[in-house]
Amino acid sequence: MSALSIRRLSDALGAEVEDIDIAQDLSGETVVALRQALADHCVLLFRGQSLTPAQHIAFTKRFGPLQELTLASYLHQEHPEIFVVSNKPVDGKPSDTRRTGRRWHTDMCYTPQPCRGSLLYALEVPPVGGDTVFANMQRAYDGLSDGLRAAIDGLSTVHDLSKVEDFKNRDPAATAKIVADNPPVEHPLVWTHPDSGRKALFLSDQIAYRITGMTEAESRPILDYLLVQAIRIENTYRHQWRAGDLVFWDNRSVMHCAPEDYDMSDPANVRHMHRTTLAGPPMV
Ligand code: SIN
């Protein structure tokens, strides 16, 4: 198998793959090695890349089919496979995606089939801040007591996009359509990684708002407890972006959030990113 140069980024998760140009047509052996590295480290960082949208999409497709994206108003105009995460104004108005991911979440958890992975490529970043934080949901699950693991195995949660608080600050017509296109769905609270067989917690703050068969009030303390365990600092990696970074994360083993850790009112603080997503296999 192709030998990768790997540098771990934190004890909990994350690894930088060094000396690799992902715009090139990588060998099958290298792709197999990258898949294994993703299963092992949950998040892979590729620094210093220079990618066109087509190259970004081509690299993503080496790992499987792309997820059809449903949030039409946030997609790249020429390449609808790309979700644009940006604080650049659109038609003179604040961009609706400028606060994407402020809460801990798993991408596209509000769809019937949450995606396998996401690949976020930084085109422009603020001089300081604009970080993304990742939590290892397998370690979070493993860290629970036998009793709590037994109690939550087999439970499912209801994911409802309309619960996202920030929707109040976005364009009402666009968000009404997004909510109508994405009715609530149920997913396991604990899911098993199809490659490694490891179990992970599957949570998303606000969106996974209730355990099936329980009220929101009954569910809240349990879900809040699990969330707090998952995001303990020692279970996380905080990525400080440089332009040209591509970060590839495995949505089946991590949850992430993008804190508002910089001043968005300062026009010098541009944060402009392209994200592709890999379609997921059925959840178990
Ligand atoms: C996302 O939630 O996928 C975007 C995260 C980020 O902008 O850092």
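Numbers here simply count residues along the sequence, with the first being 1. Both counts, for ligands and for their atoms, begin at 1 and track the order of listing.
- The heavy atom nearest to atom 5 (C) of ligand 1, out of those in Leu120, Val247, Thr97, is found in Leu120.
- Under the 3.5 Å distance criterion, the side-chain polar atoms of His193 are matched with a main-chain donor or acceptor of Asp195.
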Evaluate the criterion side-chain contact (heavy atoms from CB on, under 4.5 Å) for residue pair Leu120 and Trp249; output intermediate values, then yes/no. CA-CA 9 Å; Leu120 188 62; Trp249 62 89; 3.6 Å; yes

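- Below 4.0 Å from some heavy atom of Asp107 lie the following atoms of ligand 1, by number and element: 1 (C), 2 (O), 3 (O).
- The backbone N or O of Leu119 sits less than 3.5 Å from a side-chain atom of His56, completing a donor-acceptor pair.
- Remark: ligand 1 atoms within the under-4.0 Å shell around heavy atoms of Arg271 are 6 (C), 7 (O), 8 (O).
- Below 3.5 Å of separation, one finds an N or O of His256 facing an N or O of ligand 1.
- In this structure, the ring of Phe202 has its center less than 6.0 angstrom from the ring center of His159.
- Near His105, meaning under 4.0 Å from one of its heavy atoms, ligand 1 places the atoms 1 (C), 2 (O).
- Residue Met273 forms a side-chain contact (heavy atoms from CB on, under 4.5 Å) with just one option from Val84, Val125, Val247, Ile82, and that option is Val125.
- The distance from ligand 1 to the heavy atoms of Arg275 drops below 4.0 Å at these ligand atoms: 1 (C), 3 (O).
- Val85 and Leu75 fall within the same hydrophobic cluster, defined by Ile, Leu, Val, Met, Phe, Trp and Tyr side-chain heavy atoms under 4.5 Å apart, directly or through other members.
- Every atom of ligand 1 is numbered from 1 in the order shown, and the set under 4.0 Å from a heavy atom of Thr132 is 6 (C), 8 (O).
- Those atoms of ligand 1 with a heavy atom of Val85 less than 4.0 angstrom away are 7 (O).
- If you number the atoms of ligand 1 from 1 as listed, the ones under 4.0 Å from a heavy atom of Gly101 come out as 2 (O).
- A side-chain contact (heavy atoms from CB on, under 4.5 Å) with Phe46 holds for exactly one of Leu34, Asp21, Leu51, Asp245; it is Leu34.
- Residue contacts with ligand 1, taken as heavy atom pairs separated by less than 4.0 Å, do not involve Met273 at all.
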